[in-house]
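Side-chain atoms are counted along with the backbone in the values below, which use heavy atoms only and exclude waters and symmetry mates. Labels below follow one simple rule: chain letters A, B, ... track the order of the sequence lines, proteins then strands, and each chain is numbered from 1.
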Amino acid sequence: MTDIQASETPNEGTDEERYDPATIEPKWQAYWEKAQTFLTPEKPGEDRYYVLDMFPYPSGAGLHVGHPESYTATDILARSKRAKGTSVLHPMGWDAFGLPAEQHAIKTGTHPRDTTVANINNFRRQLKALGFSYDWTREVDTTDPAYVRWTQWIFLQLFHAGLAYQDEVSVNWCAALGTVLANEEVIDGKSERGGHPVERLPLRQWMLRITKYADRLLAGLEGVDWPNSTRIMQGEWIGRSEGAEVTFEVKGQKPIEVFTTRPDTLFGATFMVLAPEHPLVAEVTTEAQREAVEAYVAKAKNKSDRDRQQSKEKTGVFTGGHAINPVNGAEVPIWIADYVLMGYGTGAIMAVPAHDTRDFEFATAHGIPVIEVVKGDAPEGECFTGHGVAMNSGKYDGMTTADVKAAITKDLEADGKGKARVEYKLRDWVFSRQRYWGEPFPIYFPVTCDGDPRKDDEHTIHYDQPIAVDESELPVRLPELDDFQPGDDPAGVLARAKDWRFFQKDVEGEKRWFARETNTMPQWAGSCWYYLRYCDPHNEEALASKEALETWLPVDIYIGGAEHAVLHLLYARFWHMVLYDQGHVPTPEPFGKLVHQGMILGEDGVKMSKARGNVINPDDVIAAHGADSLRCYEMFMGPLEATKPWNTDAIGGVRKWLDRCWKVARMVRDGSDGAYDEATKKSVHKTIAKVTSDIDELKFNTAISAMMVLSKELEKAGAPREGVEALAKLVHPFAPHLGEEMWAMLGHEPSIQNAGWPEADPKLLVDDTVEIPVQVNGKKRAVLELAADATEDQAMEAAKQDPKIAEALGEGTLRKVIFVPKRILNLIIK
RNA sequence: GGCCGAGUGGCGGAAUUGGCAGACGCGGCGGAUUCAAAAUCCGCUUCCCUCGGGAGUGUCGGUUCGAGUCCGACCUCGGCUACCA
């Protein structure tokens with residue numbers, strides 16, 4: 001592999017010869033491709049590192065500058081680890097199912113697969129042009145049937161474990177658009193696009209029982225090395241709260257169950273509220289109130305969740321009914337109001353206006369009495385929601401909130417009127433979509449039909465008897481369609497593919513009809529487990545071999561946007577835990593360290609968007625300055641996690657630095673070999689130490705700054721070979737093409753990645769002498785050059801020699817001397 | 001409203017975690033080179049000033065010999081979340 005050499009330019013050796021990324025970058029990319037430089041080792045050593053990027057959705061717009069930010073960070077980690085001899089897994093792939101390709105298909109008739117393939121090819125080209133060291137033989141595509149097969153296989157494991165089930169869920173159905181809409185796509189009961197009416201409709205959906213894992217998903221957050229804010233967000237999303245279930249009897253009718261986190265305030269419950277959809281509403285409503293209640297229920301029904309929550313105004317209607325407070329036998333009026341949600345707890349609350357803001361607002365608006373039961377310090381006209389000491393609470397008076405909670409719950413339980421209960425905000429996961437471009441469910445149902453259901457002969461699909469497709473028949477492929485328009489059938493686009501949907505099978509010697517599930521999985525499905533497939537992407541016997549998973553899991557570092565802090569990361573952890581329980585993966589958690597890169601804003605300091613016209617295209621930057629400059633600039637902008645604005649001018653500064661690196665390598669090649677004196681040597685080793693630790697801490701901006709300083713120094717020193725070689729090794733993870741080019745110019749064989757990582761000599765990191773500032777009463781008055789191991793006496797002696805210090809000492813008495821070796825000498829004089 | 005994060009030159013940002021505030025880069029100014037320009041290189045660049053110094057890290061207060069860093073109160077901006085009983 002010696003056919004690669006430093007670039008030959010027409011003016012070699014003259015002043016015209018320049019650092020020319022347009023020439024060297026494609027050359028080294030071709031070399032890497034041919035030499036397969038970045039293959040994952042087949043027999044990984046003991047020291048292993050799995051560095052993972054959140055894989056992109058390959059959109060038609062191509063890469064934006066946010067992609068190279070985190071991808072460069074992980075590439076620096078991967079390359080520097082490989083240089084150190086670590087076995088690295090650094091893969092890339094495509095989260096390629098999803099709505100945009102389908103929408104494009106609806107508009108243009110182009111099959112989503114064609115759009116997806118074209119977009120992937122463009123993304124791959126762009127990523128290769130950036131010189132990332134991915135092992136492309138492990139590329140994964142969530143839409144590839146060989147991948148879908150295992151996504152479906154995992155679904156079947158969930159299904160067999162009772163974690164996947166069907167349920168009627170109230171969704172936003174828009175008949176005009178023929179599709180279900182997300183809450184944020186519904187405004188004022190109309191579709192966001194087109195303004196068509198949207199109704200709340202119960203539809204059959206596939207659900208995943210993620211709530212069963214709520215406690216473990218919460219507990220697992222304790223042990224992961226994640227940003228604190230992300231752990232808090234996931235914790236709040238799971239939303240565990242401890243409280244009690246309390247039974248309120250209703251005369252002559254079914255009792256009402258409520259959930260409360262404040263059973264200690266039961267004596268202050270002056271009314272109850274049922275959600276408008278609560279099943280007991282009709283029962284408790286008196287004739288006199290029926291009309292008003294029905295009108296309110298009807299109005300609430302067609303409001304989306306979002307609309308319902310938009311207005312904070314506390315509306316509601318009295319039902320006329322009363323319930324009995326179990327602790328004191330008091331009769332409390334029962335209201336209905338939409339601030340109580342059917343989906344949480346029991347859909348009914350006991351309202352304690354004295355100690356709950358929402359109940360307080362409601363009571364104030366509707367003239368309901370307020371009884372204080374916890375002594376607090378809230379100002380008049382406000383309610384006290386904190387903890388304190390009980391009052392107006394019978395035998396519990398004088399006890400603390402925590403004690404009353406425990407005592408009342410215990411007493412209620414003894415009376416059979418309540419018990420402790422834990423609630424979660426987390427809901428089971430609605431896992432089906434009525435789209436085309438997603439994974440089909442490996443599920444079918446029996447059909448009763450006298451004729452042929454494909455010909456619309458009358459038939460019944462028995463959705464209550466789902467049958468799993470045999471694992472040997474996976475994957476279930478999508479049918480070919482040429483019309484991707486949503487239809488009027490809530491069963492989804494696939495319902496129109498009748499030849500695909502309905503099929504016959506022999507059962508007990510008789511041909512029977514069956515119908516495939518026509519929903520598809522959401523985009524989250526593929527991204528829930530792609531990091532597992534990377535470990536062993538071509539395995540046909542399993543989603544990945546046990547050995548491969550044991551070798552690489554858990555992921556050592558995972559870098560991606562904070563927008564996935566909750567959903568993607570929660571869903572992936574859920575699947576991982578299920579697979580762990582079934583023995584398919586070796587670790588309880590998938591990801592070790594997690595980092596979110598910050599957003600890159602436009603030059604105007606606001607989010608990049610087409611509408612604002614402030615979008616920077618990486619292709620343009622590469623054309624103007626090269627990939628290495630783009631990579632280094634993005635790392636130099638500031639801390640990886642920070643949001644920071646783009647500044648095109650500043651790229652020039654980074655490029656100048658790369659140019660200088662190239663120049664010192666050329667100086668060596670052309671015979672200039674400056675003396676590697678002690679001072680230069682020390683600078684080199686200090687930079688090695690700084691860059692090495694900065695990479696470990698992901699402080700790429702300061703690592704580059706240190707290399708900028710060193711390259712200037714090496715140039716001044718006449719490019720001593722040993723120093724330039726160290727510089728090349730330090731630079732190469734950041735600017736890999738330049739690193740290879742420098743290495744070649746220095747007369748070495750590629751790849752520089754195999755040249756090892758430089759090691760700092762600890763002896764060279766300490767200076768013999770140090771400059772220490774001398775302060776008088778905290779103000780700097782002089783700087784002394786002292787031996788590094790100087791004692792306080794020696795420092796004082798030197799300080800007295802300084803005229804300014806001597807003068808200050810003469811003006812007052814020395815009260816105190818603070819001497820911190822190598823840091824400071826502070827003299828307190830009065 | 002709640003939670004999280006951040007406020008340092010004209011700008012992006014450094015600061016060994018309590019020890020010389022402003023590294024490095026952009027921009028600006030001055031100079032070299034050039035017939036000229038581009039490119040390149042060198043120097044200066046927090047503010048005020050009487051050239052000795054004085055002030056200075058969102059505001060006010062505190063701890064300390066010493067605070068950008070720690071503590072308390074507040075202000076501003078950004079992100080997420082939002083009636084979850």
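Among the atoms of the strands shown, only primed sugar atoms or phosphate atoms (P, OP1, OP2) are found under 4.0 Å from some heavy atom of A/Lys804. The residue A/Lys699 sits close only to the backbone: its heavy atoms come under 4.0 Å of sugar-phosphate atoms, none of a base. Residue-level contact check: A/Thr357 touches neither bases nor backbone, having no heavy atom under 4.0 Å from any strand. Residue A/Glu361 is classed as having no contact, given no heavy-atom separation below 4.0 Å to the nucleic acid. At the heavy-atom level, A/Ser229 lies under 4.0 Å from the strands shown only through sugar-phosphate atoms. At the heavy-atom level, A/Ile818 lies under 4.0 Å from base atoms of the strands shown. Heavy atoms of A/Val709 sit under 4.0 angstrom from primed sugar atoms or phosphate atoms, though from no base atom. Residue-level contact check: A/Lys712 touches the backbone only, with heavy atoms under 4.0 Å from sugar-phosphate atoms and none from bases. Backbone-only contact: A/Asn701 has heavy atoms under 4.0 Å from sugar-phosphate atoms and none from a base. Backbone-only engagement by A/Pro639 is indicated by non-hydrogen atom pairs under 4.0 Å involving sugar-phosphate atoms exclusively. Within 4.0 Å of A/Lys779, counting heavy atoms only, lie sugar-phosphate atoms of the nucleic acid but no base atom. Residue contacts shown for A/Arg781 are limited to sugar-phosphate atoms, with no base heavy atom under 4.0 Å away.
For the C1' atoms, the distance from B/C35 to B/G30 is 22 Å, rounded to whole Å. Between B/G25 and B/A73, the distance separating the two P atoms is 41 Å to the nearest Å. If you take atom C1' in B/A38 and the same atom in B/A32, they sit 16 Å apart, rounded to whole Å. As rounded to the nearest Å, B/U45 and B/U63 have P atoms that lie 37 Å from one another. B/G18 and B/U69 have their C1' atoms separated by 7 Å, with the value rounded to a whole Å. Spacing between B/U57 and B/G10 at atom P, rounded to whole Å, works out to 13 Å. B/G19 and B/G58 have their C1' atoms separated by 24 Å, with the value rounded to a whole Å. Look at the C1' atom in both B/C77 and B/C65: the space between them is 36 Å, to the nearest Å.
Judged purely by atom type and a 3.5 angstrom limit, A/Gln234 has no side-chain atom pairing as donor or acceptor with the backbone of A/Arg231. Distance alone, capped at 3.5 Å, places no donor-acceptor pair between the A/Lys699 side chain and the A/Glu697 backbone.
A sub-4.0 Å separation between OP1 or OP2 of B/C24 and a side-chain N or O of A/Thr702 is absent.
For A/Arg823, the listed nucleotide lying nearest its side chain is B/U16; candidates were B/C24, B/C20, B/U16. Candidate nucleotides B/C20, B/C41, B/C83 were compared by shortest atom distance to the side chain of A/Lys314, and B/C83 ranks first. Distances were taken from every side-chain heavy atom of A/Ile349 (C-beta onward) to each of B/A85, B/C20, B/A15; the shortest belongs to B/A85. Distances from the side chain of A/Tyr344 to the nucleotides B/A85, B/C20, B/C80 place B/A85 closest. Comparing atom distances between the A/Phe259 side chain and each of B/G19, B/G13, B/A85 picks out B/A85 as nearest. Nearest to the side chain of A/Asp338, among B/A15, B/G19, B/C83, sits B/C83. For A/Lys644, whose side chain is taken as the heavy atoms from C-beta onward, the closest listed nucleotide among B/C20, B/A14, B/G12 is B/G12. Nearest nucleotide to the A/Lys780 side chain, out of B/G19, B/C20, B/C26: B/C20. Nearest to the side chain of A/Glu236, among B/C80, B/C65, B/C3, sits B/C3.
How far OG1 of A/Thr791 is from CZ of A/Phe819: 7.0 Å, rounded to the nearest 0.5 Å.
In B/U17 the base sits syn relative to the sugar, since the glycosidic angle is no further than 90° from 0. Classified by its glycosidic torsion, B/G9 falls in the syn category, the angle being within 90° of 0.
A residue-by-residue look at A/Arg660 and A/Arg262 shows that A/Arg660 has its nearest nucleotide of RNA chain B further toward the 5' end. Nearer the 5' end of RNA chain B, as judged by each residue's closest nucleotide, is the contact made by A/Lys690, out of A/Ile772 and A/Lys690.
Checked against the 6.0 Å centroid criterion, the rings of A/Trp646 and A/Tyr633 qualify as a close aromatic pair.
With a 4.5 Å cut-off on side-chain heavy atoms, A/Phe700 and A/Cys632 do not count as touching.
One can find a donor-acceptor pair under 3.5 Å joining the base of B/C65 and the side-chain atoms of A/Asn826. Between the side chain of A/Lys816 and the base of B/C65, no donor-acceptor pair of N or O atoms lies under 3.5 Å.
Look at CG on A/Leu274: it is 13 Å from C1' on B/A85, rounded to the nearest Å. Counting to the nearest Å, the C1' atom of B/U40 and the CD atom of A/Glu715 are 11 Å from each other. A straight line from CE of A/Met635 to P of B/G13 spans 14 Å, rounded to a whole angstrom. In this entry the distance linking CZ of A/Phe700 with P of B/G25 reads 20 Å, nearest Å. The nearest whole Å value for the distance from the CD1 atom in A/Ile704 to the P atom in B/C26 is 13 Å. Between the CH2 atom of A/Trp657 and the P atom of B/C26 there is a distance of 13 Å, given to the nearest Å. Atom CD1 of A/Ile824 and atom C1' of B/C20 are 7 Å apart (whole Å).
Contact check on A/Arg262 versus A/Asp264 returns a salt bridge, with a Lys/Arg side-chain nitrogen under 4.0 Å from an Asp/Glu carboxylate oxygen. For the pair A/Lys644 and A/Glu69, the salt-bridge criterion is met [side-chain N within less than 4.0 Å of a carboxylate O].
Heavy-atom contacts from other residues, nucleotides or ligands closer than 6.0 Å to NZ of A/Lys212 number 12 or fewer.
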How far apart are the C-alpha atoms of A/Trp335 and A/Phe362, what are their side-chain angles, what is the distance that settles it, and do they pass the ring-ring contact (aromatic ring centres under 6.0 Å, His included) test?
CA-CA 10 Å; A/Trp335 290 65; A/Phe362 191 87; 5.4 Å; yes
